[in-house]
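Accompanying notes for the structure given below.
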Protein chains: 2
Amino acid sequence: MNVSEIEIFRDFIKKKGLRYTPEREIILKEIFSIHDHFDVDELYLRLRNKGHRISKASIYRTLPLLIECGLVQEVYHEDGHMHYEHIYGHEPHAHFRCLSCRRVEEFQDPRLEEVAQEYAQKYGIDLKMTRFEILGYCANCRGKGGL
Amino acid sequence: MNVSEIEIFRDFIKKKGLRYTPEREIILKEIFSIHDHFDVDELYLRLRNKGHRISKASIYRTLPLLIECGLVQEVYHEDGHMHYEHIYGHEPHAHFRCLSCRRVEEFQDPRLEEVAQEYAQKYGIDLKMTRFEILGYCANCRGKGGL
DNA sequence: TTACTATTGAAAAAAAATTGCAATAAGGTC
DNA sequence: GACCTTATTGCAATTTTTTTTCAATAGTAA
C-alpha cells in the first residue's frame with residue numbers, strides 16, 4: 001500500500017548498518033494496516049492468522065526500531081502492557097481514555113504542539129514526540145464508577 | 001507532616017467501606033515524603049530501610065487506591081515498569097524526558113489544562129487526570145544518540 | 001560465491017504484577 | 001472490653017510481559 005513508510009524504514013535500517021529483513025517489513029506492513037491501537041499480542045496473532053510465523057521476540061525487537069525512526073509510538077500502558085499505534089502520516093493527536101469502559105478517543109488541538117515546540121525551543125531540545133492523555137469517565141460512564 | 005492527604009485517604013477508604021490500616025497509611029506517608037518520581041521497587045526499599053516490613057503485594061494493592069482518590073498518579077512507563085508521583089498539593093504539570101540520559105524535567109503551561117477542560121466540557125467527561133509528555137534529546141545529549 | 005555477522009525462532013530467563021491462602025487485625029456490635 | 005465478621009496482610013506461587021541466550025539461517029558487501 002503506502003510506500004513511504006517502507007522507504008523510511010529501509011533507509012533508517014540501512015543508515016544504522018542493520019539488515020532489512022522480510023520479517024521487519026512484514027511487521028511494518030501489518031502495523032500500518034491496523035487502523036487502531038494495538039498491543040504485541042494482537043499484532044502477533046494477526047500475523048499468525050495471515051500465515052506468517054513471526055515470533056514475538058522479533059516483534060519485540062522490531063518495535064523499538066520503528067519507534068526510533070518515528071513510524072510508531074507507544075500510546076499508553078494499560079492492563080499491564082504497552083499499546084502502540086503507527087503515527088507516520090497522521091497529525092499529532094491526543095487521547096482520551098475512559099477509566100470505566102476503556103474507550104479511547106482521539107482528538108487534536110494545535111495548542112498542544114505549540115506548548116511542546118516552545119518548550120523544546122526554549123531548552124534546546126531535539127523534540128521526538130509528545131503524548132497527551134486525558135483520563136476520566138465518559139458521558140455514558142460517569143456516575144457509575146466515577147465518584 | 002501534611003495532614004490533608006491522610007484525611008483524604010482515610011475518608012476515601014471509609015467511604016468505600018474498606019479498612020484504614022497502618023500499612024496503607026505508612027505507604028501513603030512514605031510516598032508523600034518522596035519529592036520525585038518513584039517506582040514500586042524504590043518505594044519498597046525505602047520502607048524496608050526504615051524498618052517497615054511491608055510487602056510489595058501491599059504496595060501493589062495500595063497504589064490503585066491512592067490513584068483512584070487522586071493523590072497519586074502514574075507518570076510514565078519506562079524500563080519495563082511504571083513510575084509514579086504524588087500529585088496532591090501540586091499544580092498539574094507536564095514532563096520532558098530525555099531519551100538519552102533519561103533525565104526528567106517538569107514544567108507547567110496553562111494551555112494544557114485549558115485543552116483538557118474544554119475537551120471534557122464538550123463531551124460531558126468527568127475529568128480525572130491528564131498526562132502530557134515530551135520526549136526527545138536534551139541540549140546536552142542531542143547529537144549523540146539523537147539522529 | 002564466499003565470508004562475515006546480524007537476525008531469526010524457540011526456549012529459557014528475567015522482571016513485573018497478580019493471586020491464593022492461612023493468619024491477623026480493623027472496626028462494628030453487644 | 002470481648003466478640004464477631006470479614007477485609008487485609010505477608011508469603012509464596014502464579015501469571016503475564018519482556019528480554020536474553022543460542023544454534024541455525026540469511027543479508028550484504030567484497
Side-chain angles (χ1 to χ4, degrees), chain A residues 6-7 9-31 37-69 72 74-84, chain B residues 6 9-31 37-69 72-84:
Chain A
I6 292 180
E7 279 171 5
F9 191 39
R10 182 158 42 204
D11 289 353
F12 170 80
I13 289 291
K14 294 292 183 184
K15 198 168 295 172
K16 289 203 87 170
L18 304 175
R19 293 174 183 173
Y20 193 71
T21 65
E23 288 82 0
R24 284 178 174 160
E25 185 169 302
I26 289 167
I27 289 170
L28 169 66
K29 281 183 177 170
E30 189 58 35
I31 287 174
H37 309 126
F38 65 91
D39 57 35
V40 169
D41 201 56
E42 277 170 46
L43 178 56
Y44 173 72
L45 292 176
R46 283 180 68 119
L47 290 167
R48 200 143 243 280
N49 289 337
K50 293 190 178 173
H52 300 297
R53 309 195 111 267
I54 291 176
S55 68
K56 277 193 182 176
S58 287
I59 294 174
Y60 276 112
R61 286 185 282 225
T62 301
L63 276 170
L65 296 171
L66 292 166
I67 290 169
E68 195 183 340
C69 68
V72 171
E74 295 181 333
V75 201
Y76 53 86
H77 192 270
E78 190 182 65
D79 298 323
H81 57 269
M82 193 53 76
H83 295 250
Y84 306 84
Chain B
I6 293 179
F9 190 40
R10 182 158 43 206
D11 289 354
F12 170 81
I13 290 292
K14 295 291 184 187
K15 200 170 292 172
K16 289 203 88 170
L18 303 175
R19 292 175 184 173
Y20 193 71
T21 66
E23 287 84 1
R24 284 178 175 160
E25 185 170 301
I26 290 167
I27 290 170
L28 170 66
K29 281 183 177 171
E30 189 59 34
I31 287 175
H37 309 125
F38 64 91
D39 57 34
V40 168
D41 202 55
E42 275 170 45
L43 178 56
Y44 173 72
L45 292 176
R46 284 180 67 118
L47 290 168
R48 201 143 243 279
N49 288 337
K50 292 191 179 173
H52 300 297
R53 309 196 112 267
I54 291 177
S55 68
K56 277 193 182 176
S58 287
I59 294 174
Y60 276 113
R61 286 184 282 226
T62 302
L63 276 170
L65 297 170
L66 291 167
I67 290 169
E68 195 183 340
C69 68
V72 171
Q73 182 172 12
E74 295 181 332
V75 202
Y76 54 86
H77 192 270
E78 190 182 67
D79 297 323
H81 58 270
M82 192 55 76
H83 296 250
Y84 306 84

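Lettering of chains follows the sequences in order, A, B, ..., and the numbering in each one begins at 1.
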Would you mind telling me which residue lines up with the more 5' stretch of DNA chain C, A:L65 or B:Y20, judged by nearest nucleotide?
A:L65
Rounding to a whole Å, what distance do you find between A:D79:CG and C:dA17:C1'?
12 Å
May I have the distance from A:L43 (atom CG) to D:dT17 (atom C1'), rounded to whole angstrom?
15 Å
Picking from D:dT28, D:dC11, D:dG10, the nucleotide nearest the side-chain atoms of B:S55 would be D:dG10
Among C:dT5, C:dA17, C:dT8, the one nearest A:R19 by side-chain distance
C:dT5
Whole angstrom is fine here: how far is it from CD1 in A:I26 over to P in D:dG27?
11 Å
Send over the distance from B:D41 CG to C:dA14 C1', rounded to a whole Å.
13 Å
Measure the shortest side-chain to side-chain distance between B:L66 and B:I27 over non-hydrogen atoms and say whether it is less than 4.5 angstrom.
yes
Answer yes or no: does a side-chain N or O of A:R24 lie under 4.0 Å from OP1 or OP2 of C:dT7?
yes
Does D:dG27 have OP1 or OP2 sitting under 4.0 Å from an N or O in the side chain of A:K14?
no
Can you measure A:M82 atom CE to D:dT19 atom P for me and round it to whole angstrom units?
10 Å
Are OP1 or OP2 of D:dT19 and a side-chain N or O of A:Y60 less than 4.0 angstrom apart?
no
Quick one: B:E25 CD to D:dT9 P, roughly how many Å, whole number?
13 Å
What's the closest nucleotide to the side chain of B:T21 if the choices are C:dG27, D:dT19, D:dT9?
D:dT9
D:dC11, D:dT20, C:dG27: which one has an atom nearest the side-chain heavy atoms of A:A57?
D:dT20
Separation of A:R24 CZ from A:R10 CZ (nearest 0.5 Å)
13.5 Å
Integer-rounded Å distance: D:dT16 P and A:D39 CG:
14 Å
Taking the side chain as every heavy atom from C-beta outward, state whether B:I67 and B:E74 have any atom pair closer than 4.5 Å.
yes
Does the side chain of A:K56 get closer than 4.0 angstrom to OP1 or OP2 of D:dT19 through an N or O atom?
no
Once rounded to the nearest 0.5 Å, what's the spacing between atom NE2 of A:H83 and atom CD of A:E42?
7.5 Å
Options C:dA10, C:dT8, C:dA6, nucleotide nearest the side-chain atoms of A:L18:
C:dA6
If you go through the side-chain atoms of A:R61, does one of them form a donor-acceptor pair with the base of C:dG9 closer than 3.5 Å?
yes
Counting the atoms with a prime plus P, OP1 and OP2 as sugar-phosphate, which does B:P22 contact under 4.0 Å by heavy atoms, base, sugar-phosphate, or nothing?
sugar-phosphate
Whole-Å distance, B:L63 CG to C:dA16 C1', equals 13 Å
Regarding B:E25 and B:Y20, do their side chains bring together a donor and an acceptor under 3.5 Å, going by distance alone?
yes
